[in-house]
Amino acid sequence: MPVPLYQAKAEFFRTLGHPARIRILELLQDGPRPVRGLLSEMDIEPSNLSQQLAVLRRTGLLTSTREGNTVVYELSTPDVVDLLRAARRILTEMITDQGTLLAELRAGGRLPAPEDHPAAATVR
């Protein structure tokens, strides 16, 4: 039985759910890099980097080529760059919204009384 699209999407986002994997993808936005280049840019053990690269390669987000003794990784599609940019825009918007709320709180805006909270109506 084929996997439903929503389940495939969930698996895809789970793959992205590790900070080291996101950092690897960010570093590869500018083009292919050898493993030693990735390692020099990250605070990670070589074995952990290898594991994270393997996960990204298995899921098809990265491709690798061997150049002598050097393994070079690159993004499998430029769509990954678009995804990272979209995530940045979403996060920026979320932080901006939180900053506006924080500014209101610091300005001494009135906080609602507990009984005014919408959830309070259902608890009573």
Establish whether V55 and F13 are linked, either directly or via other cluster members, by ILVMFWY side-chain heavy-atom contacts under 4.5 Å. no

Qualifying residue, where the test is side chain to side chain donor-acceptor pair (under 3.5 Å) with E11 and the options are R14, Q7, K9: R14

Is the shortest side-chain heavy-atom distance between S64 and V72 below 4.5 Å? no

Indicate yes or no for a side-chain donor-acceptor contact from Q29 to the backbone of E26 under 3.5 Å, with no hydrogens or angles considered. yes

Validation row: F12, L83 side chains within 4.5 angstrom (heavy atoms): yes

Indicate yes or no: at least one non-hydrogen side-chain atom of L61 is less than 4.5 angstrom from one of L16. yes

To the nearest 0.5 angstrom, please state how far the CD atom of E74 sits from the CG atom of D30. 13.0 Å

Would you name the heavy atoms of M42 and L27 that are closest together and state the gap between them? CG-CD1, 3.7 Å

Just so I know, are the side chains of N48 and Q51 near enough to count as touching, which here means a heavy-atom distance under 4.5 Å? yes

T65 and V71, any side-chain heavy atoms less than 4.5 Å apart: no

Does the side chain of D97 come within less than 4.5 Å of L101's, by heavy atoms? no

For V3 and A8, work out which heavy atoms get closest and say how close. CG1-N, 3.8 Å

Working note: T63 + L75, criterion side-chain contact (heavy atoms from CB on, under 4.5 Å); need CA distance, chi angles, decisive distance, verdict. CA-CA 6 Å; T63 60; L75 299 176; over 6 Å; no

Report the distance from atom CG of L38 to atom CD of Q52, rounding to the nearest 0.5 Å. 12.0 Å

Assess whether atom CG of D79 is packed by more than 12 heavy atoms of other residues, nucleotides or ligands within 6.0 Å. yes

Answer yes if L39 and L53 sit in the same cluster of Ile, Leu, Val, Met, Phe, Trp and Tyr residues linked by side chain heavy atoms under 4.5 Å apart, and no otherwise. yes

Decide yes or no for R21 and L25: does some side-chain heavy atom of the first lie under 4.5 Å from some side-chain heavy atom of the second? no

I'd like to know whether L62 forms a side-chain contact (heavy atoms from CB on, under 4.5 Å) with V80, so could you lay out the CA-CA distance, the side-chain angles of the two residues, the decisive distance to 0.1 Å, and finally the verdict. CA-CA 10 Å; L62 298 183; V80 175; over 6 Å; no

Determine the minimum heavy-atom distance between G60 and S76, stating which atoms define it. O-OG, 2.5 Å

Answer yes or no: does atom CZ of R57 have more than 12 heavy-atom neighbours from other residues, nucleotides or ligands under 6.0 Å? yes

side-chain contact (heavy atoms from CB on, under 4.5 Å) between R85 and R88, intermediate numbers included: CA-CA 5 Å; R85 284 186 186 134; R88 180 178 287 271; 5.6 Å; no

Atom of L56, atom of T59 and distance for their closest heavy-atom approach: O-OG1, 3.1 Å

Intermediate values then yes/no, side-chain contact (heavy atoms from CB on, under 4.5 Å), R33 and E41: CA-CA 11 Å; R33 293 183 105 169; E41 293 287 329; 3.7 Å; yes

Within the structure provided, determine whether T70 and R66 are in side-chain contact (heavy-atom separation under 4.5 Å). no

Heavy-atom closest pair, residues L49 and I44: N-CD1, 3.7 Å

